[in-house]
Amino acid sequence: MSARTLLITGGAGFIGSHVVRLFIGSHPEYRIVNLDALTYAGNLENLSDIESASNHVFVHADITDEKAIDRVFSEHAVDAVIHLAAESHVDRSILDPLSFIRTNVMGTAVLLNTARRYWKDRQDVLFYHVSTDEVYGSLGDTGLFTEETPYDPRSPYSASKASSDHLVKAYHHTYRLPVVISNCSNNYGSHQFPEKLIPLMINNIVHRKPLPVYGEGLNVRDWLWVEDHARAIEVVFHQGRNGETYNIGGFNEWRNIDLVHLLCRIMDEKLGRAEGDSASLITFVKDRAGHDQRYAIDASKIHRELGWSPTLQFEEGLRRTVDWYLQNPTWVEHITSGSYLEYYQRQYSNR
Ligand code: NAD
Ligand code: TYD
């Protein structure tokens with residue numbers, strides 16, 4: 001599709017800022033309207049290198065605010081949406097489920113409804129919804145999530161994302177809204193808020209704080225370099241078939257404890273510490289409530305149909321990620337001040 005004005009929601013967040021950067025650099029033919037509420041996870045510093053690009057407009061708004069979304073569609077004549085704005089952290093969803101339902105369910109509904117009203121029967125438009133593999137539930141030791149795996153969300157976060165996926169499909173079937181959905185595995189890379197496993201561990205290692213590994217650390221996640229995800233989104237946006245879902249993953253499964261040990265080894269080396277120094281900080285803590293055992297994506301459809309595959313080898317990606325965090329202490333300092341600290345202290349004082 002050849003959109004002229006592209007609305008990207010959540011573009012000041014982790015994945016969104018990578019997507020905005022990629023589109024601004026590779027697609028000067030688009031005007032990018034980047035809409036974000038700048039919650040604790042959204043940060044304009046993530047966009048400092050591209051903020052002033054001539055094809056980029058930032059709009060500070062909440063996706064649940066119908067009037068604001070209405071204004072954006074009419075003022076900017078939006079032709080396509082890539083929807084990433086969300087509350088994204090499982091632990092927070094356990095503490096405060098309603099804010100996830102508000103943003104992820106109601107916010108998506110507001111966007112869909114506005115798009116439907118503005119676009120009417122237009123078929124040269126697209127609503128691209130970015131979702132997670134967590135909607136499929138939890139795997140045992142074997143098997144992979146495919147696009148046909150039945151939905152079985154088990155945390156308030158994944159239930160809210162599953163609900164938003166269903167709304168997108170419902171708008172496609174009921175109103176013929178052109179849509180595409182992708183469900184991706186765990187991302188890592190620069191600009192990720194240090195509450196998620198990898199940046200949290202990096203930050204704690206730097207400050208010699210305990211490394212909280214939930215349960216016995218045997219849960220498995222499939223990790224993907226965020227820039228590979230952004231590239232997948234670019235490919236799905238341009239070539240994905242109307243109404244289809246594409247799973248995106250790294251074919252890169254790691255038990256949490258093994259990942260943390262690898263990270264500790266890399267950090268010891270980068271910080272010039274003795275081998276085993278960082279690993280001595282590992283602390284097994286009470287398990288997450290309802291902790292999904294294993295996620296693993298079968299990303300063969302997107303490879304077969306759209307030619308996408310992950311490019312970056314995991315250890316190399318981790319090294320680049322560590323380098324970025326070590327080179328950007330001010331970013332970490334800014335983003336982890338204020339409300340984040342209160343949340344963090346509340347979360348871990350209970351263990
Ligand atoms: P993030 O938490 O880093 O960023 C979310 C962004 O959305 C922030 O900039 C925040 O300010 C914005 N936002 C939150 N509530 C908003 C609201 N009500 N209105 C407008 N903006 C709001 O999240 P992320 O990790 O970059 O994830 C982006 C998307 O990708 C999410 O939809 C998430 O479900 C999905 N996803 C994430 C991962 C992952 O590993 N991080 C994996 C698969 C899918
Ligand atoms: P996380 O990065 O929160 O992503 P998700 O829950 O969406 O997969 O967590 C990744 C894995 O790491 C998950 O199994 C929970 C675990 N984990 C810890 O062991 N300790 C931590 O401090 C965090 C944040 C996560």
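Residue numbers start at 1 and run along the sequence shown. Start at 1 and go down the list; that is how both ligands and their atoms are numbered.
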Are [X] and ligand 1 in contact, using a heavy-atom cut-off of under 4.0 Å?
X    : value
A61  : yes
S185 : yes
D36  : yes
A12  : yes
T64  : no

Under-4.0 Å heavy-atom contact with ligand 2, by part of [X] that carries it:
X    : answer
E195 : backbone
L197 : both
T132 : neither
D292 : neither
Y157 : neither

What are the atoms of ligand 1, with element, lying closer than 4.0 Å to any heavy atom of [X]?
X    : result
A37  : 16 (C), 17 (C), 19 (N), 20 (C), 21 (N), 22 (C)
V130 : 30 (O), 32 (O)
L38  : 11 (O)
N186 : 40 (O)
K161 : 31 (C), 32 (O), 33 (C), 34 (O)
D62  : 17 (C), 18 (N), 19 (N)
S131 : 43 (C), 44 (C)
C184 : 42 (C), 43 (C)

Do [Y] and [X] have ring centroids that are under 6.0 Å from one another?
X    : Y    : result
H191 : H18  : yes
H89  : F193 : no
F314 : W254 : yes

Under 4.0 Å, heavy atoms only, figure out whether ligand 1 is touched by the backbone of Y157, its side chain, both or neither. side chain

Derivation and outcome, salt bridge (charged side-chain N to carboxylate O under 4.0 Å, His left out), residues E315 and R319: CA-CA 6 Å; E315 185 163 337; R319 285 179 180 279; 3.2 Å; yes

So, D91 and R288, do they make that salt bridge, N to O below 4.0 Å? yes

State plainly whether the residues D228 and R231 are in salt-bridge range, i.e. N to O under 4.0 Å. yes

Return the closest protein heavy atom for atom 2 (O) of ligand 1 as residue, atom name and distance. S88 OG, 2.7 Å

Minimum-distance protein heavy atom relative to atom 5 (C) of ligand 1: A86 O, 3.4 Å

Should P212 be counted as touching ligand 2, given the test is an N or O pair under 3.5 Å? yes

D91-ligand 2 polar pair, N/O distance under 3.5 Å: no

Chi angles and distances behind the side-chain contact (heavy atoms from CB on, under 4.5 Å) call for L112, H129: CA-CA 10 Å; L112 284 166; H129 180 59; over 6 Å; no

Report the C-alpha separation of V20 and L47 in whole Å, then their side-chain angles, then the decisive distance to 0.1 Å, and conclude whether the side-chain contact (heavy atoms from CB on, under 4.5 Å) test is met. CA-CA 8 Å; V20 169; L47 303 164; 4.3 Å; yes

